[in-house]
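Notes follow the structure.
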Amino acid sequence: MQESPTPRNFIADIVATDLESGRHKGVVTRFPPEPNGYLHIGHAKSICLNFGLARAFGGACHLRFDDTNPSTEDLEYVEAIQRDVRWLGFDWGPNLFFASDYYEALYEHALHLIRTGFAYVCSLSDAGVKAGRGSVSEPGVDSPYRGRSVEENLALFERMRLGEFEDGAHVLRAKIDMAAANMKLRDPAIYRIKHAPHYRRGKDWCVYPLYDFAHCLSDAQEGITHSICTLEFENNRELYDWLLARSVVDCRPRQFEFARLNLTHTLLSKRKLLELVQQGLVRGWDDPRMPTIAGMRRRGYTPEAITAFCELIGVAKNNSLVDLGKLEFCLREDLHERAPRVSCVFYPLRVTLTPVPKATTLVAARFPDRPERGTRLVPLSAELFIERADFSEAPPPGWHRLAPGAEVRLRHAGLLRCETVEKDADGTVIALACSYHEDDGTRKVKGTIHWVSAAEALDVEVRLYDKLFGADEPTALDPLNSGSLEVIQGCKIEPSVNGTEAGAHFQFERHGYFVSDPDGTPERPIFNRTVTLRDGFAKVLAAAMPGAAATPPRVERPRTRAAQGQAQAELPRSIARLTEPARGIAEARRARGASDAAALVFATDEALGQLFDGAVELGACASITGNLAANELRGLLGAVGVQGLRFGAAELAELVGLIDEGAVTNTTAKDVLAHLIAKGGSPRGVVEALGATKLAHGELAAIVSEVVATHAAEATRYREGKTALLAFFVGQVMRRTKGQANPAELEPLLRARLVHRIHPIEG
RNA sequence: UCCGGUGUCGUUCAAUGGCAGGACGGAGGACUUUGAAUCCUCUAAUCGUGGUUCGAAUCCACGCACCGGAACCA
């Protein structure tokens, strides 16, 4: 197994930054499944991310069961999930946790929230709560129970726990804001009454915490540093932070979201997969057609293939739909190294050889391109089976296989020519009589076919699997692919596989990768097709014969990034569109000398506008000030906001003055701005401290020469015509001079220096 | 409609103001006792419009498209 490299994705970057800055001493992540179903390939992505991060940064990843809903959870799932995570190659060590072990502590946290006035018992019905929540565009209304006293809430919550009420009679709600734009903050329920036995806690409890409440506190309890979840929880983050801020906890985990996996032709929803199982549409959670880890394992996937896939697809916040072909690529890549080759004929056609081959046993490599990895014995005789599909009486153009009078190579054996074709009364080919020659290496034969010796061949069952859904993006409503399972009895396989235990991988040459299924026995194995080999001939065939589309035409999904954006507003028009007072303000600042774009910004950001006004009144050039404030300053501001600024109009005016008189470059000005925001001070002072006045011409020329000399290869490519590299050189010089080079001087200088070399001194 | 998020080759992920790059796919070729594998070559993208800047995928503005959010599920 290869060493896992440090993952490169935006979350790994955050972790690395947090470690460097000392924000955290170590990383602790967690994989938090709810034990209400089996893990699938989408979970594998999350497992690889969480455990991979811990592994890469020398931290820990906890396995925590988020079991807060007794009515859907089960021990069977707990066991299956542990089995699957372990099989994928990850180890949680001693860090196995259950939210259900935290019920007591969680209850205390709830009491604390009530005592501090941040939670109340609401006695509205389910429907009543819903009605009061409002809608995405309308605020909700306060529950009539929102004003209950702490004492009353405490007493009621205690009685809830004691089991004095029916399910749904009361619910504990966080007291936040019924008008919040984020609906997750409209007094969410955090505890509900549920008279249901829990698979681990039995009848200990009849109130259970809800996800948002239990999750953040469980994270804090375990000292999680980075709580990584999928995009649909983005709106929950505010609630996550709200709850932790009001609870007594030792640490403050932060939540980060990434895009969950979507795979073409694959259903990745635990709920819908459960339906397939319950309706008997598949054989179970581990049906080899299922995208569950258990199903994939039985199908013949390897942990290495799955983790390589997760590495390949990366981690981002982009909603994406990954082509199933990528998974298959990783699978084939791994199996190519792992699966010894054997010969298996699915639909046998009898062939008799004359003369009878002299050799009765051949020695064939298990891995033909890696002979050192061993051999197997293959019997040879005058009676063989070959694949029916490898013979054609009327071969299409480009056919390399057997046909009347044609010659092919028998894999590992000699050459074969079809002499006569034997048919039954219906005209079906039932046998072939062929002449046999040892291979003297003089003849070039295009095709090679696989075969087995008839007498020694084993009869086996082979199960061919295909996609469960034909649709690119299936929903549960889509019909199952009727050809997703094909069972072939009476396949003929070489005897070397006798004694194979379940779970052994093979490549059936020219067919694909197969794995022995637990339904079989060592004496009578059953094989599942894991994945076919890439089939170049199928493409040739499809191209040659238009009607026979081997691959169905790809359905284009509606392009998300489709560029039909028009109706763009020109700036003056945007100003015109503003409300009357705002337009007046914008116009006034435009009149004062701000550009259209800047004026528009100042119309919506009054604080920034006033900063602009102040600087201009102090005599700063209006256009420079406007652009600097609206474009550069605004970008640097971030969460600080104009109010939080450590400098005012005077400093801005001073900086603009420096630009205006040519003392500093624009790049430097931006650096100064960043400096002022972070530390305050005066522009002149910062410029001095940075030593950032514009470079003298002589100095610049020297640096240009140096840069060109140290990048000789790029200079050559530039002279050869890659003129885009001029930007590269400008960049190098700018970097070297920390942005103090005068751009107006730099470019001609650089151009001259670069060309100069091509015509070395003429005289 | 409100809030949050996302837009880069056909797909997926990079580029953290300085040469738009990798992988998968596709096309072509070499090699081949698996029409496999391997090797080589090619293909092809910054959602739109303005602005700032010597320089913009990246910063600013205005738009557009798509995804998520109104469970006593997670």
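Chain letters run A, B, ... following the sequence lines, proteins first, then strands; residues in each count from 1. Remember, predicted model here, so these are calculated numbers, not experimental data. Because only heavy atoms are used, hydrogens play no part in the values below, and waters and symmetry mates are left out as well, while side chains stay in.
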Heavy-atom protein contacts under 4.0 Å, nucleotides 69-74 of chain B, coded B base, S sugar-phosphate only, - none | BBSBSB
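- Partners of Ser46(A) under the side-chain hydrogen bond (donor to acceptor under 3.5 Å, both in side chains) rule, at least two apart in sequence or in another chain, are Asn50(A).
- Atoms NE2 (His450(A)) and P (U33(B)) sit 19 Å apart, rounded to a whole Å.
- Annotation: salt bridge (Lys or Arg N to Asp or Glu O under 4.0 Å) contacts of Asp187(A) (sequence neighbours excluded): Arg146(A).
- When Arg332(A), Arg366(A), Arg370(A) are each tested for a salt bridge (Lys or Arg N to Asp or Glu O under 4.0 Å) with Glu337(A), only one passes: Arg370(A).
- When rounded to the nearest whole Å, the span between CD of Glu257(A) and P of G4(B) equals 14 Å.
- The side-chain ring of His336(A) is not stacked on the base of A37(B), judged by centre separation under 5.5 angstrom and plane angle under 30 degrees.
- Taking atom P on both G28(B) and G69(B), the two are 44 Å apart, rounded to the nearest angstrom.
- Distances shown here put a side-chain N or O of Ser320(A) below 4.0 Å from the OP1 or OP2 atom of C13(B).
- With hydrogens and angles ignored, the 3.5 Å screen pairs no side-chain donor or acceptor of Arg173(A) with any backbone N or O of Val171(A).
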Reading nucleotides 14-28 of chain B 5' to 3', which nucleotides get B (base under 4.0 Å from a protein heavy atom), which S (sugar-phosphate only), which -?
-> S-BBBB---SB-SS-
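- Arg401(A) comes within contact range of at least one nucleobase, with a heavy-atom separation under 4.0 Å.
- Regarding Phe602(A), its CZ atom lies at a distance of 16 Å from the C1' atom of C62(B), rounded to whole Å.
- Looking at heavy-atom distances under 4.0 Å, Gly398(A) makes contact with a base.
- For Arg133(A), the side-chain hydrogen bond (donor to acceptor under 3.5 Å, both in side chains) test picks out no residue, with sequence neighbours left out.
- Spacing between atom CG of Leu600(A) and atom C1' of U49(B) amounts to 14 Å, rounded to whole angstrom units.
- Nearest-nucleotide positions on RNA chain B place Ile313(A) closer to the 5' end than the other of Pro743(A) and Ile313(A).
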Take Arg590(A) and Asp596(A) through the salt bridge (Lys or Arg N to Asp or Glu O under 4.0 Å) test and state the conclusion after the steps.
-> CA-CA 6 Å; Arg590(A) 193 142 71 117; Asp596(A) 292 343; 2.8 Å; yes
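- Between His40(A) and His43(A), the ring planes are tilted. Angles from 30° to 60° get that label.
- Nucleic acid contact for Arg341(A): base, since at least one base atom lies under 4.0 Å from a heavy atom of the residue.
- At the heavy-atom level, Ala413(A) lies under 4.0 Å from base atoms of the strands shown.
- The nearest whole Å value for the distance from the CG atom in Asp671(A) to the C1' atom in C59(B) is 14 Å.
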Verify ring-ring contact (aromatic ring centres under 6.0 Å, His included) between Phe256(A) and Phe10(A), making sure each step is shown before the conclusion.
-> CA-CA 10 Å; Phe256(A) 300 94; Phe10(A) 78 101; 7.9 Å; no
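- In RNA chain B, the stems built from three or more successive Watson-Crick or G-U pairs (distances below 3.5 Å) are B:2-7 with B:64-69, B:10-13 with B:21-24, B:25-30 with B:38-43, B:47-51 with B:59-63.
- Atom-to-atom, CG of Asn318(A) to P of A45(B) comes out at 19 Å; the value is rounded to the nearest Å.
- Distance noted for atom P between G63(B) and U1(B): 12 Å (whole Å).
- If you check every strand for non-hydrogen atoms under 4.0 Å, Glu138(A) touches nothing.
- The distance between atom NE2 of His511(A) and atom C1' of U34(B), rounded to the nearest whole Å, is 11 Å.
- Partners of Arg30(A) according to the side-chain hydrogen bond (donor to acceptor under 3.5 Å, both in side chains) rule, which considers only residues two or more places apart in sequence or in another chain, are His215(A), Ser227(A).
- Thr448(A) pairs in a side chain to side chain contact (heavy atoms under 4.5 Å, CB included) with only one of the listed residues (His412(A), Arg409(A), Arg510(A)), which is Arg409(A).
- Side chains of Pro368(A) and Arg411(A) form a contact here, defined as non-hydrogen atoms less than 4.5 Å apart.
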Show the distances under 3.5 angstrom between N or O atoms of the protein and N or O atoms of nucleotides 40-43 of chain B.
none

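- Annotation: side-chain hydrogen bond (donor to acceptor under 3.5 Å, both in side chains) contacts of Gln255(A) (sequence neighbours excluded): Glu257(A).
- Residues that satisfy the salt bridge (Lys or Arg N to Asp or Glu O under 4.0 Å) test with Glu138(A), not counting sequence neighbours, are absent from this structure.
- Residues passing the side-chain contact (heavy atoms from CB on, under 4.5 Å) test with Leu533(A) are Gln507(A), Tyr513(A), sequence neighbours excluded.
- For residues 314-335 of chain A, no residue pair satisfies the ring pair (Phe, Tyr, Trp, His ring centres under 6.0 Å) rule, not counting sequence neighbours.
- The residue Asp439(A) sits close to a base: some heavy atom pair falls under 4.0 Å.
- For the pair Ala598(A) and Val445(A), both in contact range of RNA chain B, the more 5′-proximal nearest nucleotide belongs to Val445(A).
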